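In what follows, every chain begins at residue 1, and chains take the letters A, B, ... in the order their sequences are listed. As the structure is a prediction and not an experimental result, all values here were calculated from the model.
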2 protein chains.
Amino acid sequence: MDATETAKRTATASAATGRGRGRRQGYATGDARRARILNIALQEFGENGYRGTSLARIAERAELTQAGLLHHFRSKQELLTAVLDLRDAMDAERLDLSNLPDGGEPTLLALVALVEHNARQPGIVQLFTVLTGEAVTTDHPAHGWAQERYRLLSTSIATALQHGVQAGELRADLDATACAQQVMAMMDGLQLQWLLDPERMDMAATFRAYIDGLLKQISA
Amino acid sequence: MDATETAKRTATASAATGRGRGRRQGYATGDARRARILNIALQEFGENGYRGTSLARIAERAELTQAGLLHHFRSKQELLTAVLDLRDAMDAERLDLSNLPDGGEPTLLALVALVEHNARQPGIVQLFTVLTGEAVTTDHPAHGWAQERYRLLSTSIATALQHGVQAGELRADLDATACAQQVMAMMDGLQLQWLLDPERMDMAATFRAYIDGLLKQISA
DNA sequence: GCAAAAACCTTATACTCGGTAGCTTTGTTA
DNA sequence: TAACAAAGCTACCGAGTATAAGGTTTTTGC
């Protein structure tokens with residue numbers, strides 16, 4: 001994600017929330033329409049991925065023409081990043097990464113709770129799974145977003161684990177970075193299998209079992 | 001994957017290898033062209049996913065028109081399944097699932113070797129990662145293929161682990177199914193992070209560390 | 001309270017993509 | 001070498017993203 005892109009996302013975010021300062025404020029009808037479009041797009045991207053979603057269908061469900069939709073979001077890509085920003089904002093309320101519970105065990109148990117919550121939201125989980133899968137391609141519009149997301153997540157978890165080590169709660173020889181990456185990998189991998197075949201996988205229980213075993217292994 | 005689909009794949013496979021019996025055999029030039037198309041498609045699907053790949057581009061690289069390409073593979077979906085069949089055949093040589101080394105530790109170490117091999121083949125890994133990510137959507141053409149693949153993999157690994165239990169090598173209270181799912185999840189999740197940010201992740205080492213810890217935990 | 005500006009949203013259009021129809025050329029084989 | 005299937009082309013369709021240009025509605029500044 002280059003500087004131009006970042007600037008565009010910021011502009012879009014502020015336009016969508018109607019908080020442009022020097023600029024003119026959007027109309028009330030437009031704000032409502034944008035919010036509606038975002039919610040529909042969230043669903044569609046989650047069900048069909050980025051490339052499998054058509055603007056025409058989103059526009060139809062939002063009851064305007066496709067060109068009308070592109071008035072609010074100048075491109076499909078801009079719509080995607082707006083949706084991702086929306087999701088990030090919603091998630092921030094649930095799991096504040098910059099303020100994880102301190103120490104190893106509380107952090108890992110918070111992740112178990114997150115997985116249990118996700119198990120009740122297949123649509124959202126699918127959005128992230130499909131998008132991050134697509135986004136490993138370097139030229140995908142969400143590639144930079146996905147990189148950034150994983151960096152933030154893994155450093156947050158690793159830091160929390162490292163605190164556990166310093167507090168003497170976890171083994172001194174623990175590789176916090178690798179452990180954080182493993183935990184995230186387990187979450188993503190279980191999600192994938194769960195989405196493909198929900199009946200064959202009790203995602204929350206399997207993840208909990210993994211974390212239980214991990215805690216036995218890394219506790220001091 | 002329904003019966004019609006399976007029949008189509010079989011027909012394609014035999015046509016592609018030029019082993020039609022009652023039917024006339026394909027020309028040598030056609031066989032060569034098909035092989036070339038498959039290799040190019042393998043690359044393109046791996047780099048851009050299914051929906052991100054265009055037949056026109058594959059045709060251009062194979063030096064024929066898009067309609068000419070569709071003479072050999074009647075649809076994009078048929079081309080995809082042919083590519084997947086090709087990969088499965090290539091993989092079968094490397095890791096024969098129906099004949100995993102018996103017992104827990106040898107099986108898990110074989111998977112470590114597989115991950116080490118994958119770490120040298122980012123293109124192929126990307127093909128599977130992008131495709132399985134896309135394929136969680138129920139109407140994706142590779143959805144059935146992905147389901148089938150995971151069922152086969154997980155039962156193969158679970159069976160091998162169960163043998164380890166029966167032989168007294170692994171703990172009697174091991175949940176072989178859940179353990180197999182966890183191991184696969186770890187492989188997939190690490191691949192995802194590795195593809196997104198290769199420099200931040202030593203995939204093979206991290207997976208090996210996970211397996212080492214797991215073995216300590218589940219050994220009798 | 002009224003003009004001007006901006007936002008909103010439309011129709012029309014350009015280009016790309018997967019796929020079909022039908023025709024010509026080329027290679028194989030009897 | 002004649003018959004015939006494979007190979008590959010042109011031409012086209014419907015659907016996709018995106019742009020251009022224009023008309024209508026709402027807000028804002030005076």
Side-chain angles (χ1 to χ4, degrees), chain A residues 8 11-12 14-37 41 44-45 48-82 139-141, chain B residues 8 11-12 14-38 41 44-45 48-83 134 139-142:
Chain A
K8 260 198 291 182
T12 305
S14 74
T17 51
R19 281 188 283 99
R21 261 172 296 279
R23 302 177 52 210
R24 194 191 194 109
Q25 194 172 324
Y27 302 171
T29 65
D31 285 350
R33 189 87 91 167
R34 267 187 293 277
R36 186 166 175 204
I37 290 170
E44 291 288 329
F45 283 138
N48 309 311
Y50 175 71
R51 310 207 224 235
T53 296
S54 87
L55 294 180
R57 174 154 174 74
I58 296 174
E60 190 187 1
R61 288 184 55 190
E63 290 171 306
L64 55 111
T65 62
Q66 183 248 97
L69 194 163
L70 286 171
H71 163 73
H72 296 287
F73 302 92
R74 279 171 304 185
S75 69
K76 189 181 180 182
Q77 179 173 340
E78 191 173 304
L79 177 57
L80 173 66
T81 56
D139 64 345
H140 191 281
Chain B
K8 259 198 294 182
T12 305
S14 75
T17 50
R19 281 188 285 99
R21 261 172 297 279
R23 300 176 52 210
R24 192 191 194 108
Q25 197 172 321
Y27 301 168
T29 64
D31 284 351
R33 189 83 92 168
R34 268 187 291 276
R36 187 167 174 203
I37 290 170
L38 280 175
E44 291 288 330
F45 283 137
N48 309 310
Y50 176 71
R51 307 206 226 237
T53 296
S54 86
L55 293 180
R57 175 155 173 73
I58 296 175
E60 189 187 2
R61 288 185 55 190
E63 289 171 306
L64 76 164
T65 62
Q66 185 241 68
L69 193 163
L70 285 172
H71 164 74
H72 294 288
F73 302 93
R74 278 171 305 187
S75 69
K76 188 181 182 182
Q77 179 172 341
E78 190 173 305
L79 177 57
L80 173 65
T81 57
V83 166
E134 276 184 333
D139 64 345
H140 191 281

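Here B/A56 lies in heavy-atom contact (under 4.0 Å) with sugar-phosphate atoms only. Counting any heavy atom pair closer than 4.0 Å across all strands shown, A/L55 reaches sugar-phosphate atoms only and no base atom. Within 4.0 Å (heavy atoms only), A/T65 reaches at least one base atom of the nucleic acid. The residue A/L64 sits close only to the backbone: its heavy atoms come under 4.0 Å of sugar-phosphate atoms, none of a base.
As a whole-Å value, the separation of B/L70 CG from D/dC12 P is 18 Å. Rounded to whole angstrom, the span from the CG atom of B/L80 across to the P atom of C/dC17 amounts to 18 Å. Atom CG in B/L69 sits about 13 Å away from atom P in C/dT20, given to the nearest Å. Rounded to whole Å, the distance from CD1 on B/I37 to C1' on D/dA7 is 11 Å. Between the OH atom of B/Y50 and the P atom of C/dG18 there is a distance of 8 Å, given to the nearest Å. Rounded to whole Å, atom P of D/dA18 lies 11 Å from atom CD1 of A/I58. D/dT19 atom P lies 11 Å from atom CD of A/E78, rounded to whole Å. B/K76 places its NZ atom 12 Å from the C1' atom of D/dG16, with the value rounded to the nearest Å.
A salt bridge links B/E63 and B/R36; the closest N-O separation between the charged side-chain nitrogens and carboxylate oxygens is under 4.0 Å.
Two residues are said to be in side-chain contact when any heavy atoms from C-beta on lie closer than 4.5 Å; A/L80 and A/T53 fail this criterion.
Taking side-chain N and O atoms only, A/H71 has no distance below 4.0 Å to OP1 or OP2 of C/dC9. At the phosphate of D/dT19, neither OP1 nor OP2 sits under 4.0 Å from any side-chain N or O atom of A/R74. For A/H72, a side-chain nitrogen or oxygen approaches OP1 or OP2 of C/dC9 to under 4.0 Å. Using a 4.0 Å cut-off, some side-chain N or O of B/R34 falls inside it from OP1 or OP2 of D/dA7. At the phosphate of D/dG8, OP1 or OP2 sits under 4.0 Å from a side-chain N or O atom of B/R33.
The CG atom of B/D31 sits 9.5 Å away from atom NE2 of B/H72, with the distance rounded to the nearest 0.5 Å. From B/F73, atom CZ reaches atom CG of B/L38 across 4.0 Å, with rounding to the nearest 0.5 Å.
Remark: A/R57 engages A/E44, A/S54, A/R61 in a side chain to side chain contact (heavy atoms under 4.5 Å, CB included) (not counting sequence neighbours).
Between the side chain of B/Q66 and the base of C/dG18 there is at least one donor-acceptor pair of N/O atoms closer than 3.5 Å.
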